Amino acid sequence: QLQLVESGGGLVQPGGSLRLSCAASGFTLDSYAIGWFRQAPGKEREGVSCINNSDGSAYYADSVKGRFTISRDNAKITVYLQMNSLRPEDTAVYYCGARARDPLIRLRGCSPGRFGSWGQGTQVTVSS
């Protein structure tokens, strides 16, 4: 059974950094694409970044380009989201989700409706 568990959230000051981890079990990463999503209070869940694990192609939302980096460790069956230069508007619960591999993910993006098998989420709060 495919399961995802997020970790690494916390409280950080504006301009700071965090690294989120999405640990997978029940499948091999190469067969799937993994995405990071976030949901702030009163807002819809939005795609932040996603990666097609078989070839490493990745998509980033405009709001995080140049600040966030997605990566994967196939041996550890884990996908990471390195978040730098954090802003108060990055505050949200961050989730990871999975879908079947998608080599065109860079063009198709990270719509939440295309992903499933959600983890429980990890809270990221950016505040001084």
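In this text, all values refer to a predicted model and were calculated from it rather than measured experimentally. Residues take their numbers from the sequence shown, with the count starting at 1.
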Verdict with reasoning, Q39 to E46, per side chain to side chain contact (heavy atoms under 4.5 Å, CB included): CA-CA 6 Å; Q39 189 165 15; E46 63 173 350; over 6 Å; no

Go through it in stages, so that I can follow the logic: the residues are Q123 and T91, the test is side chain to side chain contact (heavy atoms under 4.5 Å, CB included), and I'd like the CA-CA distance, side-chain angles, deciding distance and then a yes or no. CA-CA 8 Å; Q123 176 71 46; T91 295; 4.1 Å; yes

Take F115 and C96 through the test side chain to side chain contact (heavy atoms under 4.5 Å, CB included) and record every step on the way to the result. CA-CA 9 Å; F115 287 76; C96 58; over 6 Å; no

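Under a 3.5 Å cut-off, the side chain of Q3 and the backbone N or O of S25 do not form any donor-acceptor pair. Judged by distance alone, with hydrogens and angles left aside, the side-chain atoms of R45 form no donor-acceptor pair with the main-chain N or O of R38 at under 3.5 Å. A donor-acceptor contact shorter than 3.5 Å is absent between the side chain of R101 and the backbone of A33. Formation of a donor-acceptor pair under 3.5 Å by the E6 side chain with backbone atoms of Q120 is found in this model. Remark: side-chain polar atoms of T125 are not paired, donor with acceptor, to backbone N or O of L11 under 3.5 angstrom. When atom types are taken as modelled, the side chain of Q82 and the backbone of T69 share no donor-acceptor pair closer than 3.5 angstrom.
Taking the six-membered ring for Trp and thresholds of 30 and 60 degrees, F68 and Y94 have ring planes inclined between 30 and 60 degrees apart.
None of I77, D73, N52 except one satisfies the side chain to side chain contact (heavy atoms under 4.5 Å, CB included) rule with L29; the exception is I77. Partner of V124 under the side chain to side chain contact (heavy atoms under 4.5 Å, CB included) criterion, chosen from L81, L18, V93: L18.
Taking 4.5 Å as the limit, some side-chain heavy atom of R114 sits within range of a side-chain heavy atom of R108.
Annotation for S117 and L4: closest pair O-CD1, 3.1 Å, computed over non-hydrogen atoms. When all heavy atoms are compared, the tightest approach of C50 to G35 is CB-CA, 3.5 Å. Between D90 and S85, the closest heavy-atom pair is OD2-O, 4.4 Å. Of all heavy-atom pairs between S49 and C110, the closest is C-SG, 3.5 Å. Across all their heavy atoms, P103 and S57 have their closest contact at O-OG, 3.9 Å.
Hydrophobic clustering keeps F37 apart from V79 (ILVMFWY residues linked when any side-chain heavy atoms are closer than 4.5 Å, directly or through intermediates). Cluster membership check: Y95 does not share its hydrophobic cluster with I70, using side-chain heavy-atom separations under 4.5 Å among Ile, Leu, Val, Met, Phe, Trp and Tyr. Hydrophobic clustering (side-chain heavy atoms under 4.5 Å, transitive across Ile, Leu, Val, Met, Phe, Trp, Tyr) groups Y60 together with V48. There is a path of hydrophobic side-chain contacts, each under 4.5 Å, that joins I34 to L20. The same ILVMFWY cluster, assembled from side-chain heavy atoms under 4.5 Å apart, contains both W36 and V126.
A salt bridge links D62 to K65: at least one charged side-chain nitrogen sits closer than 4.0 Å to a carboxylate oxygen.
Taken from CZ in R87 to OG in S63, the straight-line distance is 8.0 Å, to the nearest 0.5 Å.
By the 6.0 Å and 45° rule, R99 does not stack over the aromatic ring of Y32.
No side-chain N or O of N74 forms a donor-acceptor pair with one of N53 less than 3.5 Å apart. In summary, the side chains of T28 and D30 do not present any donor paired with an acceptor at a separation below 3.5 Å, with no hydrogens or angles considered.
In E89, the CD atom is crowded: over 12 heavy atoms of neighbouring residues, nucleotides or ligands sit closer than 6.0 Å.
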